[in-house]
Every structure is written in C-alpha cells, then in structure tokens.
J.: 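Before I ask anything, let me first share the structure, which is written out below as structure tokens.
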Amino acid sequence: LEVKAVDNASRTTFGYTPWSLVSTTVVATGVQAGNWADSSISWTATPPTNGWFRTTTQHSTQGQIGSHSTNQTTSTTWGQSNLQSGTLWLNVTTGDSFGRTIVDVYVYTIDADVTSTPVLTASGSYIVLSGTEYLGPMGRIALSNVVDSGGIGASHADCFWNGASSATTYAGGASLTPPSTPGSTTSYTLGCQVVDLLGNEGPIVWHNGSVDLTLPNVTISPGAGNTISTNTSLTFTVTDELLAGTSTATIYWSNSSSNWNTTVSFNGTWTGTLSSLTTGLTDGTVTATVTGQDWLGNQRTVTLNSWTLN
C-alpha cells in the first residue's frame, strides 16, 4: 500500500506499508512429532479476517479422498478415517476480497498398521521332547525383535498368557517367566504382538510349552537299618517323568576312631559295593546322601540313615 501526501507548500511525502495475504490457520488432531498419524486424522481450519479457504486431500494410494470445493468463510472442522499407510497431502488455498490467493501444503505420513512380529525364544534350562518344549526352574522366554519396520517406531509388546483377555506389557529384550506351580509340570500358551507409538497392533506370534518343576524320584537299596558287608550290592536310582540328569551319591563311613567318604556321579542308576570304592573299611556306620537331578535342573536330596557295616 502506497500513500502520497501533499501539503499547502506543495511538498510531497510518500509512505509505504507492506500488505501480504495471511494464510488460513490449520490445526491437526491425531498427529505426532514428525507429522506421523494413524488411520484417522482431523483438522480445524480458520480463514483470515474477510478471507476464505478451500481444500483438497490426496492420499498416495487412495487418491483424492476429500475436498472443500466452495469457499469456507468460518472456522471449519472435518476429518478422514480408514486411512491406509502411505503419504497424505492436505492442500489449503486461502483467498481474500481482492482476489489474491496463497496455497499451503501439509504433508503427513500415515502409519495405519504394524507388519513386524516379535521373536519368542526359549533360554536357560529347556529341552524339546516329542515336539513339546519344556522349561526348567531357570528356563525363560526371551522376547526380541520388538520393532516397527517402516513405521513410526515400536512402543512395546503386548503378551497374553494362557488365553487371557488383558495383556501384560513388556519391553524388547525382556526375559519372560511363564506361570508355573512348584512341584508340578504346567502347560502354558503365550501370544505376543508389537504395539507402535500410535497404538497400532501387529500380528500375534504364539509360543507354547510346559514348565517342569516336578522333582525327580530317588530310591536307595537296601533300606535303612540293614546290616551290610563291604561286598553288599548298593543301588541308587533316580527317575524322572521326562529325563534324568547327572546325579550324585555321597557315601560316609565312620566308627569310633576313623571316618571316610566318597562321592560318585551317575545318570539313572548306580550299583556297586564298598569294596569297589575303597579297602580297609571295618565295622561301623554307613550313611548315603543322594542328590537326584533331572535334565532341567530340578533336584531332590534323600539321605539314608543308616546301614550297619559288619
């Protein structure tokens, strides 16, 4: 705008005032940092004083999905839903009463889904028998690959134990402990999915198995209170409902003036005599302590007290 002023002495002064068209104010709802949005987004647009606006909305795969084809002269709110992952453009044309126009383009990245899946892997003490995975006392499920490839980024993983309707939330890299009952073997189901920063949920991955906390069985023969000789056959047996591991038996002999002990390792059954372990034992008392262990680390300790060596 140019203003020319002339006074009575014919002196002239010029004044200049810049005058530009103000854009429509646009506020988006459902948008996170970096202009990420999920499958729904809404806007409120307010034109400048004595101005108007028109819009078109274009999606990279869905084409033109909306517009304001007539001049909007008041604050207006609208939205789009069921958007697919891709790029969304909102084109806003602002005009005034002098016929001037300006175009503003708003670009959004739509992240409507999660395609990544977590990885669930047994760790610690575990074994697979006949297609079933068994975890021992130190067995865990390692949760990894909690990522959102091509998306805004992963927030966490939602996991569902034994068909639960509500999820337990875990971070990537977590070590998961399945529900179990001491002294028993308990089956479990586990389903996990990636949840991104927009709340989109990915496909569920399942990992099923059992937790074996059942203790092995231990038997010692002959029974306590028997009189034995150095040539009596002694038997230690450890059995397990799944698979026995390496067990130990400690034999201790003593009399009024001396003592002796030794430890033998075995898997399943050990049979032997005192004479096969040492020489020179005389009359005295013999005890045996057997620590039975299964393949997964469950232990049961049984002490026989005692035999009489004669």
Side-chain angles (χ1 to χ4, degrees), residues 1-6 12-116 146-158 166-167 169 171-172 193-203:
L1 175 65
E2 178 182 333
V3 178
K4 179 180 178 182
V6 181
T12 302
T13 300
F14 292 91
Y16 299 91
T17 300
W19 191 3
S20 59
L21 178 60
V22 178
S23 296
T24 296
T25 301
V26 177
V27 177
T29 302
V31 177
Q32 293 204 19
N35 281 349
W36 290 86
D38 62 11
S39 60
S40 298
I41 186 172
S42 62
W43 300 271
T44 297
T46 304
T49 302
N50 298 321
W52 53 264
F53 73 88
R54 295 191 299 266
T55 73
T56 60
T57 307
Q58 190 82 17
H59 191 278
S60 56
T61 61
Q62 294 174 276
Q64 182 171 322
I65 55 177
S67 68
H68 292 94
S69 57
T70 59
N71 294 349
Q72 306 295 304
T73 58
T74 60
S75 181
T76 304
T77 298
W78 75 100
Q80 294 289 343
S81 60
N82 299 317
L83 296 171
Q84 300 173 1
S85 293
T87 303
L88 184 71
W89 294 271
L90 173 66
N91 306 302
V92 181
T93 300
T94 302
D96 64 10
S97 58
F98 296 99
R100 298 176 300 175
T101 60
I102 187 174
V103 177
D104 295 294
V105 180
Y106 300 87
V107 183
Y108 307 94
T109 300
I110 304 300
D111 182 4
D113 51 24
V114 176
T115 59
S116 302
V146 180
V147 299
D148 181 27
S149 298
I152 189 174
S155 169
H156 61 273
D158 276 347
S166 58
T169 298
Q193 62 185 163
V194 175
V195 180
D196 71 11
L197 295 170
L198 293 169
N200 297 307
E201 300 173 343

J.: Walk me through it: do I110 and Q84 pass the test side chain to side chain contact (heavy atoms under 4.5 Å, CB included)?
T.: CA-CA 7 Å; I110 304 300; Q84 300 173 1; over 6 Å; no
J.: Is there a side chain to side chain donor-acceptor pair (under 3.5 Å) between S67 and T56? Walk through the geometry before answering.
T.: CA-CA 4 Å; S67 68; T56 60; over 6 Å; no
J.: Applying side chain to side chain contact (heavy atoms under 4.5 Å, CB included), run through W52 and T101 and close with a yes or a no.
T.: CA-CA 9 Å; W52 53 264; T101 60; 4.1 Å; yes
J.: Got T87 and H59 here, is their nearest side-chain heavy-atom distance under 4.5 Å?
T.: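 Not touching, per the 4.5 Å side-chain cut-off.
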J.: What residue pairs, at least two apart or across chains, pass side-chain hydrogen bond (donor to acceptor under 3.5 Å, both in side chains) with a residue in residues 28-41?
T.: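 Not a single pair qualifies under side-chain hydrogen bond (donor to acceptor under 3.5 Å, both in side chains).
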J.: Only counting residues at least two apart or in another chain, list the ones meeting side chain to side chain contact (heavy atoms under 4.5 Å, CB included) with V195.
T.: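 Partners of V195 under the side chain to side chain contact (heavy atoms under 4.5 Å, CB included) test: H156, D158, E201.
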J.: Using side-chain hydrogen bond (donor to acceptor under 3.5 Å, both in side chains) as the criterion, list what pairs up with Q64, not counting sequence neighbours.
T.: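 Residues passing side-chain hydrogen bond (donor to acceptor under 3.5 Å, both in side chains) with Q64: none at all.
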J.: Residues two or more places apart in sequence or in another chain: which of them pass side-chain hydrogen bond (donor to acceptor under 3.5 Å, both in side chains) with S116?
T.: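 Here the qualifying residues are S149.
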J.: Under the side chain to side chain contact (heavy atoms under 4.5 Å, CB included) rule, collect the residues that match up with D196, sequence neighbours excluded.
T.: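 So D196 forms a side chain to side chain contact (heavy atoms under 4.5 Å, CB included) with D111, V114, D148, I152, L198, N200.
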J.: Out of curiosity, S155 OG to L197 CG, how far, rounded to the nearest 0.5 Å?
T.: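 With rounding to 0.5 Å, OG (S155) is 5.5 Å from CG (L197).
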J.: Can you list the residues that meet the side-chain hydrogen bond (donor to acceptor under 3.5 Å, both in side chains) rule with T109, with sequence neighbours excluded?
T.: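 T109 satisfies side-chain hydrogen bond (donor to acceptor under 3.5 Å, both in side chains) with no residue once adjacent residues are dropped.
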J.: Apply side chain to side chain contact (heavy atoms under 4.5 Å, CB included) to the pair L88 and Q58, showing each step before the final yes or no.
T.: CA-CA 6 Å; L88 184 71; Q58 190 82 17; over 6 Å; no
J.: Would you be so kind as to tabulate the donor-acceptor pairs closer than 3.5 Å made by side chains of residues 41-51, with sequence neighbours excluded?
T.:
unit_1, atom_1, unit_2, atom_2, d
W43, NE1, Y108, OH, 3.1
T44, OG1, T77, OG1, 2.8
T46, OG1, S75, OG, 3.2

J.: Once side chain to side chain contact (heavy atoms under 4.5 Å, CB included) is applied, do any residues pair with T55, and if so which ones, sequence neighbours excluded?
T.: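 Testing T55 for side chain to side chain contact (heavy atoms under 4.5 Å, CB included), a comparison that skips the adjacent residues, returns F53, H68, W78, L90, V92.
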J.: Could you pull out the closest heavy-atom pair between G202 and Q193, with the gap in Å?
T.: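 Distance-wise, the nearest heavy atoms are O-NE2, 2.8 Å.
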J.: Would you please name every residue forming a side-chain hydrogen bond (donor to acceptor under 3.5 Å, both in side chains) with Q72, sequence neighbours left out?
T.: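 Here the qualifying residues are T70.
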J.: Does Q80 use its side chain to pair, donor to acceptor, with the backbone of I65 at less than 3.5 Å?
T.: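 Checking the backbone N and O of I65 against the side chain of Q80, a donor-acceptor pair under 3.5 Å is found.
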J.: With sequence neighbours excluded, what pairs up with V103 under the side chain to side chain contact (heavy atoms under 4.5 Å, CB included) test?
T.: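 With neighbours one apart ignored, the set is T93, V105.
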J.: A side-chain contact here means heavy atoms from C-beta on lying under 4.5 Å apart; do W89 and S60 qualify?
T.: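 Side chain of W89 against side chain of S60, heavy atoms only: contact under 4.5 Å found.
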